[in-house]
Enquirer: 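Before I ask anything, let me first share the structure, which is written out below as structure tokens.
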Amino acid sequence: MPAKSFWLMKSEPDECSIDDALAMPRQTVPWFGVRNYQARNFMRDAMRIGDGVLFYHSGCAEPGIAGIGEVASTPYPDATQFDPKSPYHDAKSSRESPRWVLVDVRVLRKTRYLALAELRRHEALADMAVLRKGNRLSITPVTPAEWRYLGTLLGSASR
DNA sequence: GCCAACGTTGGC
DNA sequence: GCCAACGTTGGC
């Protein structure tokens, strides 16, 4: 069995907050709406069930890490791409050959809110992909060292 | 609302 | 294959 990987996944709380995710059956949400190939490829090619996930709130007054979860499914097509009424509709995609896939993410627990501004103050996290200038990727890899360090910051086991 | 960063599109 | 124009992301 390959080693577990770790990911930071951005969600706009207006669309799906950590509380919204916790309110879902089995605290699990399909990570719909990703329309960037690099982020899609992480879900399609690199993620494995059980990988660690930092649930991150973006596009809001105070962005930051809101909880910890895990990858809970293998990749499958994002249904919103086929829905003409969805903002994520993609007319160039087809059911025969879907362009966009997603994974399910299961929230394990809400953490204390670790704001982006605080993340930036930790030297140990200086190389985190999400902190890089101009970063726009909605899914970024987290190194095991960063994951462990964040585990101590968030006051929990960092399994 | 501003704007830097950067991905995508399409003409050539 | 290049690259300018354009659109989007997302922090501030």
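The figures here come from the full heavy-atom set of this structure, side chains too, leaving out hydrogens, waters and symmetry mates. Below, chain A is the first sequence line, B the second, and so on; all start at residue 1. Just so it is clear, the structure is predicted and the values come from calculations on it, not from any experiment.
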Enquirer: Can you check the A:Leu137 CG to C:dT9 P distance for me, whole Å?
Expert: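 In whole Å, C:dT9 P and A:Leu137 CG are 12 Å from each other.
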Enquirer: Can you label the angle between the A:Phe6 ring and the A:Trp147 ring as parallel, tilted or perpendicular, going by 30° and 60°?
Expert: parallel
Enquirer: Taking only residues two or more places apart in sequence or in another chain, which ones pass salt bridge (Lys or Arg N to Asp or Glu O under 4.0 Å) with A:Arg99?
Expert: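 Only A:Asp90 meet the salt bridge (Lys or Arg N to Asp or Glu O under 4.0 Å) criterion with A:Arg99.
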Enquirer: Among residues 79-89 of chain A, which residues get a heavy atom nearer than 4.0 Å to DNA chain C?
Expert: none
Enquirer: For the rings on A:Tyr56 and A:Trp7, is their centre-to-centre separation under 6.0 Å?
Expert: no
Enquirer: What is the separation between atom CG on A:Asp90 and atom C1' on C:dT8, rounded to the nearest whole Å?
Expert: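 These atoms are roughly 15 Å apart.
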Enquirer: Using the ring of each side chain (for Trp, its six-membered ring), is A:Tyr88 parallel, tilted or perpendicular to A:Phe32, with breaks at 30° and 60°?
Expert: perpendicular
Enquirer: When rounded to the nearest 0.5 angstrom, what distance separates CD1 in A:Ile65 from CG in A:Leu119?
Expert: 4.5 Å
Enquirer: In whole angstrom, give the distance that lies between atom CD1 of A:Ile139 and atom C1' of C:dT9.
Expert: 14 Å
Enquirer: Take the protein atom CD of A:Glu62 and the nucleotide atom P of C:dG10, then report the distance between them rounded to whole Å.
Expert: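 Distance, rounded to whole Å: 17 Å.
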Enquirer: Is the phosphate of B:dA4 approached by A:Lys133 (side-chain N or O, under 4.0 Å from OP1 or OP2)?
Expert: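 Result: no.
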Enquirer: Counting heavy atoms from C-beta on, name the nucleotide in B:dC6, C:dG11, B:dT9 closest to the side chain of A:Arg136.
Expert: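 Nearest to the side chain of A:Arg136 among the choices is B:dC6.
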Enquirer: Rounded to whole angstroms, how far apart are CG on A:Asn135 and P on C:dG11?
Expert: 8 Å
Enquirer: Pair A:Trp100, A:Tyr76 - check ring pair (Phe, Tyr, Trp, His ring centres under 6.0 Å), show working.
Expert: CA-CA 8 Å; A:Trp100 305 108; A:Tyr76 63 96; over 10 Å; no
Enquirer: Reckon A:Tyr56 has a side-chain N or O less than 4.0 Å from the OP1 or OP2 of C:dG11?
Expert: yes
Enquirer: When you compare the side chains of A:Asp83 and A:Thr80, does any donor N or O come within less than 3.5 Å of an acceptor on the partner?
Expert: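 Per modelled atom types, A:Asp83 and A:Thr80 side chains form no pair under 3.5 Å.
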Enquirer: Grab the CG-C1' distance between A:Leu119 and C:dG10 for me, whole Å please.
Expert: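 Interatomic distance, CG of A:Leu119 to C1' of C:dG10: 15 Å.
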Enquirer: Please report, rounded to the nearest Å, how far the P atom of C:dG11 is from the CD atom of A:Glu12.
Expert: 9 Å
Enquirer: Using a cut-off of less than 4.0 Å, is there contact between a side-chain N or O of A:Arg132 and OP1 or OP2 of B:dA4?
Expert: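 Negative; the distance criterion is not met.
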Enquirer: How many whole angstroms separate atom CG of A:Asn41 from atom P of B:dG7?
Expert: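 For the pair A:Asn41 CG and B:dG7 P, the rounded distance is 13 Å.
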